[in-house]
Amino acid sequence: MAIYLTQESKVLVQGMTGAEGMKHTRRMLAAGTDVVGGVNPRKAGRTVDFDDRAVPVFGSVREGIERTGADVTVVFVPPAFAKAAVVEAADAGIGLAVVITEGIPVHDSVALTAHARARGTRVIGPNCPGLITPGQSNAGIIPPDITKPGRIGLVSKSGTLTYQLMYELRDIGFSTCVGIGGDPVVGTSHIDCLTAFEDDPDTELIVLIGEIGGDAEERAAAHVRAHVTKPVVAYIAGFTAPEGRTMGHAGAIVSGSSGTARAKKEALEAAGVRVGSTPTETARHVLAVLDGAARDGAARDGAARDGAVGGEKVGDGAVRDGARA
């Protein structure tokens with residue numbers, strides 16, 4: 001299982017014929033992604049050869065959907081055109097728009113995410129690495145060869161930290177890794193992904209990566225406390241960042257005590273989340289939680305076996321079958 005992206009996903013690439021679009025389309029295809037077309041009105045009707053696969057170029061997202069059944073688009077267009085690209089995709093009925101583009105003006109991000117939401121289109125990003133379901137599909141720029149399919153779900157504001165945790169936990173593997181982006185306005189939140197991973201039967205543990213700025217992690221902590229039954233392990237970047245200064249992502253700005261790494265850590269820990277002080281320590285927390293769950297499972301199995309053999313006296317001395325109890 002996975003969230004948002006599977007081997008059945010059919011992917012369009014808006015901006016496929018540009019330098020970045022070409023490079024990452026080739027990588028997505030190599031990872032097994034079913035890239036069914038590109039979109040560029042000026043090059044409609046052409047095909048682009050990627051090793052052993054020729055990918056058609058369509059004049060619009062609507063044409064691409066009608067011709068291929070595409071349900072995902074990955075957006076590699078310049079910032080000035082990103083809003084129009086997402087609006088076009090949403091109006092055409094695409095289910096998922098993965099917006100890689102960095103530097104989109106905030107008012108454009110507000111408009112495109114609101115428009116997509118009204119049309120029933122989920123936006124990942126903007127300014128994000130995309131998402132990957134290892135062994136199935138890869139939509140964006142996440143390196144596909146640093147991990148394997150497994151039972152951890154990962155949601156992260158940071159692309160680089162997404163890659164690091166994927167590598168640190170490569171021996172266990174991941175169900176889906178989602179880079180939601182670190183801009184002030186994004187289309188998919190930590191809470192959205194926590195909800196999806198909670199509902200995914202093959203995700204056993206969730207890793208949440210946040211950073212200084214805003215209150216997204218505090219809101220995620222409240223959601224974990226109220227709605228998430230699976231173990232969650234977190235890492236917050238930015239403990240050494242100076243207050244009142246934008247650091248890295250456009251959304252990573254701290255004012256007073258609001259949005260600090262310490263405040264986020266305290267909120268998450270109060271919700272029962274283990275929070276690592278470094279990515280490596282975070283990975284160790286994951287291993288410890290999974291190891292503890294495995295030991296608990298083995299103990300329960302042993303108790304069940306003992307009951308099946310010995311039975312249990314109940315009530316007036318009758319013996320209940322332990323295997324059915």
Side-chain angles (χ1 to χ4, degrees), residues 1-5 124 128-129 131-134 142 147 149-182 186 188-239 259-297:
M1 295 292 290
I3 69 168
Y4 305 147
L5 187 73
I124 305 290
C128 76
L131 69 163
I132 182 171
T133 296
I142 296 176
T147 193
R151 49 203 170 113
I152 302 170
L154 172 64
V155 53
S156 173
K157 276 186 176 180
S158 166
T160 303
L161 292 173
T162 299
Y163 313 153
Q164 182 165 355
L165 264 295
M166 286 172 62
Y167 182 76
E168 296 252 10
L169 295 166
R170 62 194 180 279
D171 290 338
I172 299 171
F174 292 82
S175 53
T176 302
C177 304
V178 187
I180 60 174
V186 293
T188 295
S189 67
H190 285 115
I191 292 174
D192 293 330
C193 293
L194 286 166
T195 301
F197 282 130
E198 173 72 10
D199 293 338
D200 176 30
D202 287 343
T203 296
E204 183 176 332
L205 178 147
I206 305 165
V207 174
L208 182 152
I209 300 176
E211 64 185 11
I212 56 171
D215 66 347
E217 294 80 5
E218 288 89 341
R219 286 185 282 113
H223 180 81
V224 169
R225 184 197 297 269
H227 302 291
V228 178
T229 63
K230 296 177 180 179
V232 180
V233 175
Y235 173 68
I236 305 298
F239 272 94
T260 63
R262 182 170 300 281
K264 294 175 186 296
K265 180 176 187 288
E266 290 173 354
L268 287 162
E269 288 180 337
V273 177
R274 293 196 188 192
V275 182
S277 59
T278 66
T280 298
E281 183 181 76
T282 305
R284 291 196 192 105
H285 284 324
V286 172
L287 295 173
V289 171
L290 291 175
D291 183 57
R295 287 199 303 270
D296 289 345

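For reference, positions follow the sequence shown, starting with 1. Below, each value reflects all heavy atoms present in this structure, side chains not excepted, and no hydrogens, waters or symmetry copies.
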Where do Thr203 and Ser175 come nearest, in terms of heavy atoms and distance? OG1-OG, 2.8 Å
Minimal heavy-atom distance between Pro134 and Thr147, with the atoms involved, is CG-CG2, 3.9 Å
For Glu269, salt bridge (charged side-chain N to carboxylate O under 4.0 Å, His left out) partners two or more places apart: Lys265
side-chain contact (heavy atoms from CB on, under 4.5 Å) partner of Ile152, the single match among Thr176, Ile206, Leu205: Leu205
Gly181 to Val186 - nearest heavy-atom pair and separation: O-CG1, 3.8 Å
Please walk me through it: do His223 and Thr195 pass side chain to side chain contact (heavy atoms under 4.5 Å, CB included)? CA-CA 9 Å; His223 180 81; Thr195 301; 3.2 Å; yes
How long is the gap from CG on Leu131 to CD1 on Ile124, to the nearest 0.5 Å? 5.5 Å
Ile132 vs Met166, test: side chain to side chain contact (heavy atoms under 4.5 Å, CB included). Steps then yes/no. CA-CA 11 Å; Ile132 182 171; Met166 286 172 62; 4.1 Å; yes
Which pair of non-hydrogen atoms, one from Glu218 and one from Ala267, has the smallest distance, and what is that distance? CG-CB, 4.0 Å
Kindly compute the distance separating CZ (Arg262) from CD1 (Ile212), expressed to the nearest 0.5 Å. 13.5 Å
Decide side chain to side chain contact (heavy atoms under 4.5 Å, CB included) for Arg219 and His190; before the verdict, give the C-alpha distance in whole Å, the side-chain angles of both, and the deciding distance to 0.1 Å. CA-CA 9 Å; Arg219 286 185 282 113; His190 285 115; over 6 Å; no
Ser189 versus Asp192, side-chain donor and acceptor atoms under 3.5 Å: yes
Are side-chain heavy atoms of Ile172 and Leu287 found at a separation under 4.5 Å? yes
Output the distance between atom CD (Glu168) and atom CD (Glu281), rounded to the nearest 0.5 Å. 11.0 Å
Sorted by chain and residue number, the side chain to side chain donor-acceptor pair (under 3.5 Å) partners of Thr278 (sequence neighbours excluded) come out as none
Donor-acceptor contact below 3.5 Å, side chain Lys264 vs main chain Gly213: yes
Any chance you could measure Ile236, atom CD1, to Leu268, atom CG, to the nearest 0.5 Å? 5.0 Å
Between Ile180 and Cys193, is the side chain to side chain contact (heavy atoms under 4.5 Å, CB included) condition met? List the steps. CA-CA 9 Å; Ile180 60 174; Cys193 293; 4.0 Å; yes
Residue pairs fulfilling ring pair (Phe, Tyr, Trp, His ring centres under 6.0 Å) with at least one residue in residues 194-220, sequence neighbours excluded: none
Ile142 versus Cys177, closest heavy-atom pair with distance: CD1-O, 4.1 Å
So CZ of Arg284 and CG of Leu169: to nearest 0.5 Å the spacing works out to 11.5 Å
With no hydrogens and no angle check, is any side-chain donor or acceptor of His285 less than 3.5 Å from a backbone partner on Val232? no
Heavy atoms only: give me the nearest Pro279-Leu165 pair and the separation to one decimal. CB-CD2, 3.7 Å
Determine whether a donor-acceptor pair (N or O, by modelled atom type, separation under 3.5 Å) exists between the side chain of Arg225 and the backbone of Ala222. no
Rounded to the nearest 0.5 angstrom, the CD1-CD distance for Ile3 and Glu198 is 12.0 Å
